**Q** 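This is the structure I have questions about; it appears just below.
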Amino acid sequence: MTSSGQPPAGPSVPYQEVTDDAYAPAYVRGARILSSDPEATVLGGTCPRCGCPCVFEHVPRTFRSPRRGPRVREIPMMCTCTTGHEDRPAGEEGCGAYWNVRLEDL
């Protein structure tokens, strides 16, 4: 742990599939929409767990939900960094962190 109580950033953070309520607000502070059209939204930012830069592509047609009530555009996200994290399974990417982001918050 660092003096701030956070895990050290970068490759020293081992792969672990984990989430935390603080991940979304931390990600939103520095994230931005890189491109957006009806087919996909591409977000760029820093992973709130490992501190590495990552780009995430959200394809809204991947998951379909009922169209009742107001639509909240909450995107399930995960770290997609290319940094090597100890214990990362073959074929996986990132550090294992995942969180949800509302496009309206960017």
Side-chain angles (χ1 to χ4, degrees):
M1 289 284 177
T2 64
S3 60
S4 68
Q6 297 296 316
S12 59
V13 174
Y15 182 91
Q16 182 180 7
E17 292 181 7
V18 63
T19 192
D20 188 285
D21 289 342
Y23 287 176
Y27 178 79
V28 167
R29 280 193 288 275
R32 60 191 172 101
I33 297 173
L34 300 177
S35 67
S36 184
D37 61 43
E39 299 299 318
T41 299
V42 179
L43 305 174
T46 302
C47 173
R49 179 171 180 258
C50 71
C52 298
C54 58
V55 174
F56 186 84
E57 180 179 28
H58 170 66
V59 180
R61 297 295 240 172
T62 302
F63 300 102
R64 296 193 65 117
S65 61
R67 296 188 186 252
R68 295 182 202 115
R71 278 194 113 169
V72 175
R73 293 206 40 193
E74 194 167 82
I75 296 175
M77 299 189 61
M78 60 188 232
C79 177
T80 60
C81 78
T82 58
T83 303
H85 292 281
E86 182 181 343
D87 298 328
R88 180 167 60 201
E92 293 293 331
E93 60 186 358
C95 71
Y98 59 95
W99 60 96
N100 293 321
V101 170
R102 290 174 48 136
L103 284 180
E104 294 80 14
D105 294 340
L106 296 173

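All values derive from a computational prediction rather than experimental measurement.
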**Q** To the nearest 0.5 Å, what is the distance between CD1 (Ile33) and NE2 (His58)?
**A**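 Reported to 0.5 Å precision, the distance equals 11.0 Å.
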**Q** In the hydrophobic cluster built from side-chain contacts under 4.5 Å, what are the other members alongside Leu34?
**A**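 Same cluster as Leu34: Val42, Val55.
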**Q** Would you check if the side chain of Thr80 reaches a backbone N or O of Cys54 as a donor-acceptor pair within less than 3.5 Å?
**A**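 Checking the backbone N and O of Cys54 against the side chain of Thr80, no donor-acceptor pair under 3.5 Å is found.
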**Q** For Glu17, check side-chain hydrogen bond (donor to acceptor under 3.5 Å, both in side chains) against everything at least two apart and list the hits.
**A**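 Scan of Glu17 (side-chain hydrogen bond (donor to acceptor under 3.5 Å, both in side chains), adjacent residues dropped) gives Tyr15.
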**Q** Looking only at heavy atoms, which two atoms of Cys95 and Cys81 are closest? And how far apart?
**A**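 Reported closest heavy-atom pair: N-SG, 4.3 Å.
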**Q** Tell me whether Asp37 at atom CG has more than 12 heavy atoms from other residues, nucleotides or ligands lying less than 6.0 Å away.
**A**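 Counting neighbours around CG of Asp37, more than 12 heavy atoms of other residues, nucleotides or ligands fall under 6.0 Å, so yes.
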**Q** Do Cys79 and Arg49 have side chains that approach each other closer than 4.5 Å (heavy atoms only, starting at C-beta)?
**A**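 Counting from C-beta outward, Cys79 and Arg49 never come under 4.5 Å.
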**Q** Looking at every heavy atom in both Gly94 and His85, which two are closest together, and how far apart are they?
**A**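 Residues Gly94 and His85, closest heavy atoms: O-CD2, 3.5 Å.
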**Q** Please give me the minimum heavy-atom distance between Ala22 and Pro25, naming the atom from each residue.
**A**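 Taking every non-hydrogen atom into account, O-CD, 3.4 Å.
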**Q** Under the side-chain hydrogen bond (donor to acceptor under 3.5 Å, both in side chains) rule, what pairs show up with a residue in residues 23-36, not counting sequence neighbours?
**A**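 Sorted result for residues 23-36: Ser36-Thr41.
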**Q** Give the minimum heavy-atom separation between Ala40 and Glu57, together with the two atoms involved.
**A**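 Taking Ala40 first and Glu57 second, the nearest heavy atoms are CB-OE2, 3.5 Å.
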**Q** Could you tell me the separation between the CD atom of Glu104 and the CD atom of Glu74, rounded to the nearest 0.5 Å?
**A**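 Going from CD on Glu104 over to CD on Glu74, the span is 9.5 Å.
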**Q** Report yes if some heavy atom in the side chain of Phe56 is under 4.5 Å from a heavy atom in the side chain of Val101; otherwise report no.
**A**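 No, every pair of side-chain atoms sits at 4.5 Å or beyond.
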**Q** With rounding to the nearest 0.5 Å, note down the distance linking CG in Asn100 to CD1 in Ile75.
**A**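 One gets 9.5 Å once the value is rounded to the nearest 0.5 Å.
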**Q** Heavy atoms only: give me the nearest Cys47-Cys50 pair and the separation to one decimal.
**A**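 So the minimum-distance heavy-atom pair works out to SG-N, 3.5 Å.
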**Q** Is any side-chain heavy atom of Met78 closer than 4.5 Å to one of Glu93?
**A**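 Answer yes - side chains close enough.
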